[in-house]
2 protein chains.
Amino acid sequence: MADLETRELRYFVAVAEELHFGRAADRLGIAQPPLSRAIRQLEHRLGVQLLDRDRRGAALTDAGRVLLREARTALDAVAAAERRTRRAGDPKRPLVLVTKAGASHELLRRLLDALAAPVEVLLCEVGEQARRLRDGQADVALMHRPFDDLAGFDTADLCVEGQVAIVPAEHPLASREQLTMADVRDVPDLPIARWPRLDGSYPDGPGPEVRTQSQLAQLVALGRTLLVIPASSRAWQWPEHVAVPVVDAPDVTTVIAWPRSSRSQEVASLVRSAVTVLDGLC
Amino acid sequence: MADLETRELRYFVAVAEELHFGRAADRLGIAQPPLSRAIRQLEHRLGVQLLDRDRRGAALTDAGRVLLREARTALDAVAAAERRTRRAGDPKRPLVLVTKAGASHELLRRLLDALAAPVEVLLCEVGEQARRLRDGQADVALMHRPFDDLAGFDTADLCVEGQVAIVPAEHPLASREQLTMADVRDVPDLPIARWPRLDGSYPDGPGPEVRTQSQLAQLVALGRTLLVIPASSRAWQWPEHVAVPVVDAPDVTTVIAWPRSSRSQEVASLVRSAVTVLDGLC
DNA sequence: ACCTACTGATACCTGGCGAGTATCAGAGCT
DNA sequence: AGCTCTGATACTCGCCAGGTATCAGTAGGT
């Protein structure tokens, strides 16, 4: 009853992502026949069909979809083990804090100023923090409830704030003192941008599809989309835009998150300082 | 830059647990020399010393401790991938629900009666549920907040209840209508039993060390320990004991937990029925 | 209806590496 | 000293991952 090896998981993930043995083999840097054989062995060993082969490629079965999801988490965990061990062996490792590009600069700067220990900052795209934390590329993350997926992490709240709508200065909405979600939803000339779901697909709607903060920033600069964001994220506001409070938008809580059961002394003390420094500050 | 293989992780975990190459090799069913070589290669590849070798065995370094923890989670994730995929391929798989032996029988019975789909019940020791869920041996778990470690799982609350103290019928405390935590803490002749922490060590204190529910049941039967437990767990009460409400003990919430991002349709509908069935019932 | 192009599967060979046996080397014990 | 325990080293062997060459089936163009 031989166990699964990470090599087999990597092979399967490659095939499941490419849905094509040849391209997957290319990506893995091996030839196609060994890859076919490896997947076939894997299926045989698990006693489960993972792929429906077809002349025009391959398609995932239900079991294949399960394995794809599970294999990714397993590979993340293995990568985390490797990275964290390497870091643990480095006597003067700085902690890595990951946050999304475009989040409040102000809060981050205060935090870093207040911390005694050197902290390396890693910026990533929206929704990427969780993976960076899970696979060991970062030790702590700044995330935002209720937007980010906090499952699997311990968290401490840092601050709570309302949200504002970013609209072009000459737009009728810009003169209002405050707005409601009803006001900003379905504004015909300023549709709200759509972010991808966890599985990569996009919800329906009139707004443009965006995947990165920079795409979004560009759309905002062009006055092509309406934005509802935490008040502190106004950092990237252009003079030709106005921020108007949206009174009934859910409050956004900035939290500091770290992997559950991180026994690290450094992480614990960083979290403690973060909470102390920012308590009652916003 | 070869990746870590689960074989290497299994080898390392064996050595780290045995702290002895020979015994670890025995446990793995291989000879000692290949094991020594594998660990040495692992250290070399990670660029980190994992073990301090010594004539009387081996000792973990800091980095070794990190890898031990990370490797266990990674191996759990790999095992989960394997099990869940196997189950996904089985057309008539029953869901597995894990709960701790000694928890409320009543709630569980009602739950099972009300569910249409067949559910397999797996009983385990205190604190084991999380691992069973994490490594794919179970699909859902009944757990208790604030006792159990719920990090990494999605949960739904099933019911909330107070706690009672279990004391021998002839003890002075037995005649009281209600108690406080102050009353039951530090009762000289009835010290509260101590459970192991997550890392296996025991907190200090006068009470007996217990690891399993059956050990505890025996101590209670002997009148050697005082117990504060959820009211519904009175199932295992002997006639010579009395349950007295502890008014200021934290309420215990029975929750149903499942792995985060379990996309399984069956799990979702089981959780939904569970919440519906038990809502307002206790 | 043919041929072509593309898919994944098969056959067969080769080399590297994981595992085994035998042995060494050093530090406590008696 | 000699025994015994530890982990490390030397060397061989055999399996299996990986490579090359080729097959086989279908879609689609002509």
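Every chain is numbered from 1 and lettered A, B, ... according to where its sequence line falls, protein lines coming before strand lines.
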A.B. asks: Working note: B/Arg53 + B/Glu43, criterion salt bridge (Lys or Arg N to Asp or Glu O under 4.0 Å); need CA distance, chi angles, decisive distance, verdict.
C.D. replies: CA-CA 13 Å; B/Arg53 277 82 159 174; B/Glu43 286 179 318; 2.9 Å; yes
A.B. asks: Would you say B/Thr61 and B/Gln49 are linked by a side-chain donor-acceptor pair, where the criterion is simply a distance under 3.5 Å?
C.D. replies: no
A.B. asks: For C/dT7 and A/Arg53 - does any side-chain N or O of the residue sit under 4.0 Å from the phosphate oxygens OP1/OP2?
C.D. replies: no
A.B. asks: Compare side-chain N and O positions of B/Arg7 against OP1 and OP2 of C/dA19 and report whether any pair is under 4.0 Å apart.
C.D. replies: yes
A.B. asks: Measure from NZ or CZ of B/Arg23 to the centre of the six-membered ring of B/Phe21, then state whether that distance is under 6.0 Å and the direction lies within 45° of the axis.
C.D. replies: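 No; the conditions do not both hold, so B/Arg23 does not lie above the ring face of B/Phe21.
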A.B. asks: Looking at A/Tyr11, does the NZ or CZ of A/Arg7 lie under 6.0 angstrom from its six-membered ring centre and within 45 degrees of the ring axis?
C.D. replies: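 Yes, cation above the ring, under 6.0 Å and within 45°.
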A.B. asks: From CD of A/Gln41 over to P of C/dA9, roughly how many Å is that when rounded to an integer?
C.D. replies: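 It is 13 Å, rounded to the nearest whole Å.
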A.B. asks: Measure from the side chain of B/Tyr11, starting at C-beta and using heavy atoms only, and say which of C/dA19, D/dT20, C/dT7 lies closest.
C.D. replies: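 Among the listed nucleotides, the one closest to the side chain of B/Tyr11 is C/dA19.
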A.B. asks: Without decimals, in angstroms, what is the distance between B/Phe21 CZ and D/dC5 P?
C.D. replies: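 Taking CZ of B/Phe21 and P of D/dC5, I get 19 Å after rounding.
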A.B. asks: Would you mind reading off the distance between B/Gln32 atom CD and C/dG18 atom C1', rounded to a whole angstrom?
C.D. replies: 15 Å
A.B. asks: Take atom CG of B/Leu35 and atom C1' of C/dG20, then tell me their distance rounded to the nearest Å.
C.D. replies: 13 Å
A.B. asks: Both B/Pro34 and B/Arg23 contact DNA chain D. Taking the nearest nucleotide for each, which residue is further toward the 5' end?
C.D. replies: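 Whichever sits nearer the 5' end wins; that is B/Arg23.
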A.B. asks: Return the value, rounded to whole Å, for the distance between atom CD1 of A/Ile30 and atom C1' of D/dG18.
C.D. replies: 8 Å
A.B. asks: Counting the atoms with a prime plus P, OP1 and OP2 as sugar-phosphate, which does B/Arg37 contact under 4.0 Å by heavy atoms, base, sugar-phosphate, or nothing?
C.D. replies: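 Base contact - B/Arg37 has a heavy atom under 4.0 Å of at least one base atom.
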A.B. asks: In whole angstroms, how far is the P atom of C/dT7 from the CG atom of A/Asp52?
C.D. replies: 18 Å
A.B. asks: Is B/Ser36 close enough to D/dG7 that one of its side-chain N or O atoms is under 4.0 Å from OP1 or OP2 there?
C.D. replies: no
A.B. asks: Distance only, no hydrogens: is a donor on one side chain within 3.5 Å (strictly under) of an acceptor on the other, for B/Thr6 and B/Arg10?
C.D. replies: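 Judged by distance alone, the side chains do pair up.
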A.B. asks: Starting at CG of B/Leu19 and ending at C1' of D/dC5, how long is that distance when rounded to a whole Å?
C.D. replies: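 Rounded to whole Å, this separation is 16 Å.
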A.B. asks: Using whole Å, what does the distance between atom C1' of nucleotide C/dA9 and atom NE2 of A/His44 come to?
C.D. replies: 16 Å
